[in-house]
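Here is the structure we will look at, set down as structure tokens.
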Amino acid sequence: MSDNFKFPDTGQNSCYNKEGAPIPVPKKGQEYFGQDGCFSVHSMSFTKLGAGGKDIADNAFWSDGLRMIKDNNTGLVWEVKSPVAGDVNFTDDQYSWNEFSETYISKLNKAKYGGFNDWRAPNKDELRTIIDYSRNNPAVDLWYFPDCKVDFYWCSVTYEMQPTFAWGLFFGLGSGIVTGKNIKRYVRAVRGGFNLKFGVPDKSRFKDNGDGTITDTVTRLMWQKGENARMNWYDAMTNCEKLDLGGFKDWRLPNIKELNSILDLTYSDGWWYYKEFFPADGLVPPLLHYFSSTPFEKYYVWVTNFCFGYDGYYANKKSPLLHRAVRNIDASDIQMPVFKIPSTNQVLCYDDDGNEIPVPKPGKPFYGQAGNFNINPVSFTKLRSGAGILGKNAGWKDGLRMVKDNNTGLIWEVKSPNPGDVNFTEDKYTWNELQDKYIDKLNKSNYGGFSDWRIPNKEELRSIADYSGIIPAVDKTFFPGIISQFYWSKDTYGSDTQLGWGIYFGYGCGICYLKTQPYYVMAVRAGDNLAFGDVSKYSFKDNGDGTISDVVTGLMWMKEETPFLNQLDALKFCENLVLAGYKDWRMPSMKEIPTILNLNFKDGLWYHKEFFPNTQITPQGFYWASNTFGGTFGWGTNFQFGYDGYYAGKKTGKYPFRPVRTIK
């Protein structure tokens, strides 16, 4: 069964700058890259179980028959504490260490709690697996572990430096500490597991590869054997990113769960290392604190002390501490967020008369419409408070509070149907009220468990628009509160600062309204791309071969201008284009073409003159997109006025266009 074992992630998927402010997830090579939130390795995943270990609904609780929780990564099955006084596992009962290991476990097995009699006390690493380091007070997902106390929970391991003490975890923060064995504390029993060697002190699990690396065959992590100079957290992350060791270049700073897995809790020879594998050459106790990649309270970072075995510490990120690099043996295990511009969701194709036609093959008339290129299909995940994943059919009453766009990483609020709630779906605001009267209140209320909500920029807001022809132009399955109206973005209309940009969700067009008029708002947080849609972070590169690369979106554009053609001929032009050695040119979608508008309105222009100097803004300035509106009209963007708030005349009209391709 050990092949099924996966070492679970910490749950921490947010990133922070030096001031402790939340930031979008940095990419490799960018500042702040390397912290815990940059990597997802076996995301925490649980299944609720009833009596006999049978799966039950994810929204079930004690009264619905919830009795156990299975960790889908480790195979460990945890008891759910009873809220009923007098029950064998009443949530408020406390035990000394000996009582936990002997009296409590014996009672639980005698009662065949949940239908099983193989309950046991967890070891320290097992108990830590359910800690969620994105939370505190308690540091656990209460959806799966209701009634968890903000207190100390025993594990099965003695603190060998002082055997009258034993290890446990403080579930307020997630720290591993010790306390006297005679003191009564809380308990949580466990059973099963895919790998019974996990968390058990045993040096046979390590393999010295003879190249400066050590492999842990249980966790399937590879470690740097030697030491690094003391440095601050930021330099430690960079040092790991640049490390070339054992023929591998995918090293990183370990998260707090990973770092603690190489502690030797047997305290062999008075040492908390597996000294045979990690000799710690040149190091002298007591200041043997090692950085993890996991932030604590945004500003600080979790560390482990290999002099005393504790990780009940956090440190200033500027402190000069030690670190040890790690990597995953299986490259597929680690996932880094990859930003993608979502599809427009228009999968149907049409002829010039508005008749639906089968999706054309290459070389055939009308090939090249949006329906031919469902690149990065629309994909959303419903989330409850705290970002726990919900089923596709979950609604507000089931706990739906947020929706994650799996292409962009953006997390959107779900509007409340209840008048008086902080984000009631019918509430309107002027542009100037958005921050103090809405966003600040949303953050103060810690909506959904987060306080980093913000106003989206125009292209972020457009990313959830649906151009398949539905009204409102958004998937109501995931965004039930959005109505067919105008929603603000944070962007100002450059040629008249009294106006603010937004998206009209009746159709999905980008237009402006007076900032003094009240309209709707959708808050957003997170995101996998720091620069997407940000007017201060345009980043184009002239490749010197007639093409322009957009470093932000990963799109390559034709630099020079095209003839004025009807949409059918424009589609054919893109299909037949060979430029800079590439043959995969196509007409851009309505989520792609607006990304090259210059919303800064530099030099009074809505286009980037340095990169697209001959943009044809006369007589109309309209450029084709590959999307069709109402079957017979072609969508596009106007580079004379900056709008895409309308569509062209019949697709037989003649306009310019700008071919695009995706950079592989």
query: At what distance, to the nearest 0.5 angstrom, does CG of N316 lie from CH2 of W233?
result: 11.0 Å
- request: Assess R525 against W412: is NZ or CZ under 6.0 Å from the centre of the six-membered ring, and within 45 degrees of the ring's axis?
  value: no
- prompt: Is the shortest distance from a Lys or Arg side-chain nitrogen in R135 or D132 to a carboxylate oxygen in the other one below 4.0 Å?
  reply: yes
query: Side chains of W154 and R188: closer than 4.5 Å at any heavy-atom pair?
result: no
- prompt: Given side chains that start at C-beta, do those of M68 and W78 come closer than 4.5 Å, heavy atoms only?
  reply: no
message: Measuring from atom CZ of F171 to atom CG of L127, what distance do you get when rounded to the nearest 0.5 angstrom?
response: 4.0 Å
message: Quick one, M44 and D71 - any side-chain contact, counting heavy atoms below 4.5 Å?
response: no
Distance in Å, L442 CG paired with S451 OG, rounded so as to fall on 0.5 Å steps: 10.0 Å
- line: Checking Y310, Y313, F296 against W302 for ring pair (Phe, Tyr, Trp, His ring centres under 6.0 Å), the one that qualifies is F296
task: Could you walk me through whether N98 and S96 pass side chain to side chain donor-acceptor pair (under 3.5 Å), step by step?
output: CA-CA 6 Å; N98 287 326; S96 70; 5.5 Å; no
- request: Please work out which of the three classes, parallel, tilted or perpendicular, describes the rings of W167 and Y159, given edges at 30° and 60°.
  value: perpendicular
message: I want to check something: taking the side chain as every heavy atom from C-beta on, are D330 and N328 in contact at a cut-off of under 4.5 Å?
response: no
query: Taking the six-membered ring for Trp, are F306 and F278 ring centroids under 6.0 Å apart?
result: no
message: Is there a salt bridge (Lys or Arg N to Asp or Glu O under 4.0 Å) between K149 and D92? Walk through the geometry before answering.
response: CA-CA 8 Å; K149 306 299 182 183; D92 287 342; 2.5 Å; yes
task: Decide if the gap between the ring center of Y447 and the ring center of W453 is smaller than 6.0 angstrom.
output: yes
message: If you apply the rule side-chain contact (heavy atoms from CB on, under 4.5 Å), what do you find for R401 with V414, and how did you get there?
response: CA-CA 5 Å; R401 294 298 180 269; V414 169; 5.6 Å; no
task: Go through the side-chain N and O atoms of N72 and T47 and say whether any donor and acceptor fall under 3.5 Å apart.
output: yes
task: Report yes or no: do N260 and T304 form a side-chain donor-acceptor pair below 3.5 Å?
output: yes
query: Would E227 and R324 pass as an ion pair if we require N to O under 4.0 Å?
result: yes
Test item: F339 and V25 side chains (from C-beta on) under 4.5 Å apart, heavy atoms: no
- prompt: Does NZ or CZ of K181 fall inside the cone over F165's six-membered ring, less than 6.0 Å from its centre and within 45° of the axis?
  reply: no
message: Determine whether a donor-acceptor pair (N or O, by modelled atom type, separation under 3.5 Å) exists between the side chain of N255 and the backbone of E258.
response: yes
field: Short N-O contact, E126 and R120, less than 4.0 angstrom
entry: yes
- prompt: Tell me, do E160 and L265 make a side-chain contact under 4.5 Å, heavy atoms counted?
  reply: no
task: Output yes when a side-chain donor or acceptor of N17 lies under 3.5 Å from a complementary backbone atom of G20, and no otherwise.
output: yes
query: Between R191 and E79, is there a side-chain N and carboxylate O pair less than 4.0 Å apart?
result: no
- prompt: Does the side chain of T103 come under 3.5 Å of the side chain of S106 through a donor N or O and an acceptor N or O?
  reply: no
query: Do NZ/NE/NH1/NH2 and the carboxylate oxygens of E276 and K203 come within less than 4.0 Å?
result: yes
- prompt: Any ion pair linking K275 and D264 (charged N to carboxylate O, less than 4.0 Å)?
  reply: no
message: Between N406 and T381, is the side chain to side chain donor-acceptor pair (under 3.5 Å) condition met? List the steps.
response: CA-CA 7 Å; N406 299 316; T381 299; 3.0 Å; yes
- prompt: Can you check whether C38 reaches C15 side chain to side chain, under 4.5 Å on heavy atoms?
  reply: yes
message: Please report the interatomic distance CD1(I256) to OG1(T294), rounded to the nearest 0.5 Å.
response: 6.0 Å
message: Any carboxylate oxygen within less than 4.0 angstrom of a Lys/Arg side-chain nitrogen, looking at R185 and E99?
response: no
- prompt: With a 4.0 Å cut-off, would you call E413 and K415 a salt bridge?
  reply: yes
- request: Give, for atom NZ of K392 and atom CZ of F478, the distance between the pair rounded to the nearest 0.5 Å.
  value: 5.5 Å
- prompt: Run the side-chain contact (heavy atoms from CB on, under 4.5 Å) check on N136 and E297 step by step: do they pass?
  reply: CA-CA 9 Å; N136 56 41; E297 291 289 348; 2.8 Å; yes
message: Is the ring pair F100/Y104 parallel, tilted or perpendicular, if the boundaries are 30 and 60 degrees?
response: tilted
query: Does the W119 side chain pair with the main chain of V190, one donor and one acceptor, at a distance under 3.5 Å?
result: no
message: What verdict does the side chain to side chain donor-acceptor pair (under 3.5 Å) test give for T215 and N209, after you've listed the backbone C-alpha separation in whole Å, the side-chain angles of each residue and the deciding distance to 0.1 Å?
response: CA-CA 7 Å; T215 295; N209 302 309; 2.9 Å; yes
Ring pair (Phe, Tyr, Trp, His ring centres under 6.0 Å) partner of W271, the single match among Y274, Y267, Y273: Y273
field: Short side-chain to backbone donor-acceptor contact, T74 and L76, under 3.5 Å
entry: yes
message: Determine whether a donor-acceptor pair (N or O, by modelled atom type, separation under 3.5 Å) exists between the side chain of K257 and the backbone of I131.
response: yes
query: Ring centres of F5 and F194 under 6.0 Å apart?
result: no
L288 atom CG: more than 12 heavy-atom contacts under 6.0 Å: yes
- prompt: Between R384 and D141, is the closest basic N to carboxylate O distance under 4.0 Å?
  reply: yes
message: Let's go through C148 and L142 carefully: what are the C-alpha distance in whole Å and the side-chain angles of both, what is the deciding distance for side-chain contact (heavy atoms from CB on, under 4.5 Å) to 0.1 Å, and is it a yes or a no?
response: CA-CA 7 Å; C148 183; L142 292 173; 4.1 Å; yes
query: Just by distance, do the side chain of T425 and the backbone of G481 share a donor-acceptor pair under 3.5 Å?
result: yes
query: Do the ring centers of F39 and F33 come within less than 6.0 Å of each other?
result: yes
message: Salt bridge or not between K48 and D58? Use side-chain N to carboxylate O under 4.0 Å.
response: no
message: Could you check whether F152 and F170 have their ring centres less than 6.0 Å apart?
response: no
statement: In this structure, OG of S14 is separated from CG of D36 (nearest 0.5 Å) by 10.0 Å
task: Check the pair R205 / D216 against salt bridge (Lys or Arg N to Asp or Glu O under 4.0 Å), numbers first and verdict last.
output: CA-CA 6 Å; R205 75 187 217 225; D216 184 338; 2.9 Å; yes
- request: Find out whether C155 and L169 are in side-chain contact, i.e. whether some heavy atom of one side chain is under 4.5 Å from a heavy atom of the other.
  value: no
message: For a side-chain contact (heavy atoms from CB on, under 4.5 Å) check, start with the C-alpha distance between T213 and L245, then their side-chain angles and the critical distance, and finish with the verdict.
response: CA-CA 8 Å; T213 69; L245 179 64; 3.8 Å; yes
message: For D269, is the CG atom crowded, meaning more than 12 foreign heavy atoms sit under 6.0 Å from it?
response: no
- request: Give a yes or no answer on whether the side chain of N73 reaches the backbone of S43 with a donor-acceptor pair at less than 3.5 Å.
  value: yes
- request: Could you tell me how the ring of F277 sits relative to the ring of F206: parallel (under 30°), tilted (30 to 60°) or perpendicular (over 60°)?
  value: tilted
